[in-house]
Participant: 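Structure provided below as structure tokens; questions to follow.
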Amino acid sequence: MAKSSGRTPGRTASRLAAAAVAAALVGTGATAFAADQPTPSAKAAVKAGAARAAAHAHAARGAGHGVTKSGDPNGAYPVFALIGVDHSGNSFSYLPDSEGSFASRMLFEEGQGGLKNGAQVDNDADGVADGLWKWDANGTMTYEPLLEPETTVVGGGWNIYDTLLSPGNLGGADGGDLLGRDASGTLYLYLGYGNGKLTSRYKVGGGWGQYTALAGNGDLTGDGKADIVARGGDGTLWLYKGTGDYKAPFEPRTKIGGGWNIFNAIVSSGDVDLDGTTDLLGRDAAGALWLYKGTGDAADPYKSRVKIGNGGWNTYRLLF
């Protein structure tokens, strides 16, 4: 970790913020693990960098290189930083580098040893994360805005869920929503109010315990509605196409591939390669990171995988 230069905290924060914004569109390689000092501006810098990258992706869609949707041009095809939490409890963020990979990591937060899971959320449909829901080992859920210091306690009892996922807007409002799967395999939907608070849960359905991973962040099919994918125990990947109706948020599943049990983590941070479509990431047992670029086609939503990190990604116990 870099030593402090002795500059004033304000100047150091400003320099790191500017560096993070620049890193959003500069390719430095996913395996470069140099980290900056933590500063109060780290979260703001990540949001600013993601906004720059999202503007790049929006331009690609406007140029005809991506899919087209009705309504808001950004919210369904988000560009989030990828966040990893290591075994020491430190979290790091990676911004897209405009070359189909990630820029060097930036220290995001320390003291995350008690974190059980996390989910980024876009609350204003601009395609950039505004905050994080966090769930600790005691079952307490908090919400942390990226641009404000205040943390809101959402509530307790969240340790009934073995999986939490925020795939975007599933209910029709601007705010991102949250999915939770309990030990019985029942999936529930919580609609977001846009400020980190959530409605009471709605039952989506049972049978979700058959899946070893759930992932998604935005639209995979070109219709502007958020979708998710689910991996079965045999490695089959299934697409659940979003409906936009919170009472029945998904259409019946369709099979989109096999062999996905080579990955010990599957996660989506949105549009990684900034081409205007939503992508998927997989980490294998050797710690390599693979990118599946989105196509926007429901029948075949991903291109063949591309390795974007040769190793080292097993340093993270959580990726979101």
Participant: Would Tyr143 and Leu132 count as a side chain to side chain contact (heavy atoms under 4.5 Å, CB included) here? Give the steps.
Facilitator: CA-CA 6 Å; Tyr143 174 73; Leu132 298 94; 5.9 Å; no
Participant: Mind checking whether Asn261 and Thr212 have side chains closer than 4.5 Å, heavy atoms only?
Facilitator: no
Participant: Please assess Asn159 against Trp135 for the test side chain to side chain contact (heavy atoms under 4.5 Å, CB included), listing each intermediate value before the final yes or no.
Facilitator: CA-CA 8 Å; Asn159 49 4; Trp135 160 41; 4.1 Å; yes
Participant: Which pair of non-hydrogen atoms, one from Ala50 and one from Val128, has the smallest distance, and what is that distance?
Facilitator: CB-CG1, 3.8 Å
Participant: Under 3.5 Å, is there a donor-acceptor pair between the Thr140 and Asn138 side chains?
Facilitator: no
Participant: Please give me the minimum heavy-atom distance between Leu220 and Asp227, naming the atom from each residue.
Facilitator: N-OD2, 2.7 Å
Participant: Are Trp238 and Tyr302 connected in a single hydrophobic cluster, I mean Ile/Leu/Val/Met/Phe/Trp/Tyr linked by side-chain heavy atoms less than 4.5 Å apart?
Facilitator: no
Participant: Run the ring-centre check on Phe108 versus Phe92 and record whether the distance is less than 6.0 Å.
Facilitator: no
Participant: Can you give the donor-acceptor pairs under 3.5 Å from side chains of residues 187-198 to other protein atoms, not counting sequence neighbours?
Facilitator:
| residue | atom | partner | partner atom | Å |
| --- | --- | --- | --- | --- |
| Tyr190 | OH | Tyr161 | OH | 2.6 |
| Asn195 | OD1 | Lys197 | N | 3.0 |

Participant: Quick check: closest heavy atoms across Val121 and Gly176, and the distance to 0.1 Å?
Facilitator: CG2-CA, 3.6 Å
Participant: Taking the six-membered ring where the residue is Trp, are the ring centres of Trp260 and Tyr292 under 6.0 Å apart?
Facilitator: yes
Participant: Work out which heavy atom in Ala81 is nearest to a heavy atom in Leu95; give both atom names and the distance.
Facilitator: CB-CD2, 3.8 Å
Participant: What I'd like to find out is whether the side chain of Val229 reaches to under 4.5 Å of the side chain of Ile256, using heavy atoms alone.
Facilitator: yes
Participant: For Ala288, is there any backbone N or O sitting under 3.5 Å from a side-chain donor or acceptor partner on Asn310?
Facilitator: no
Participant: Check whether any side-chain heavy atom of Arg283 sits under 4.5 Å from a side-chain heavy atom of Tyr316, and report yes or no.
Facilitator: yes
Participant: Verify the distance criterion only: is there a donor paired with an acceptor across the side chains of Thr221 and Asp223 at less than 3.5 Å?
Facilitator: yes
Participant: Does a donor on one side chain and an acceptor on the other come within less than 3.5 Å for Thr243 and Asp245?
Facilitator: no
Participant: Could you check if a side-chain atom of Ile228 sits within less than 4.5 angstrom of a side-chain atom of Phe250, using non-hydrogen atoms only?
Facilitator: yes
Participant: Following the transitive rule for hydrophobic clusters with a side-chain heavy-atom cut-off under 4.5 Å over Ile, Leu, Val, Met, Phe, Trp and Tyr, establish whether Leu237 and Trp290 coincide in one cluster.
Facilitator: yes
Participant: Has Thr278 got a side-chain atom pairing as donor or acceptor with Asp219's backbone, closer than 3.5 angstrom?
Facilitator: yes
Participant: Would you check if Leu214 and Trp208 make a side-chain contact, meaning some heavy-atom pair closer than 4.5 Å?
Facilitator: yes
Participant: Report yes if the side chains of Ser269 and Leu281 come closer than 4.5 Å at any heavy-atom pair, otherwise no.
Facilitator: yes
Participant: Mind checking salt bridge (Lys or Arg N to Asp or Glu O under 4.0 Å) for Asp162 and listing every partner two or more places apart, or none if nothing turns up?
Facilitator: Arg181
Participant: Does a side-chain heavy-atom distance below 4.5 Å link Pro167 with Asn217?
Facilitator: no
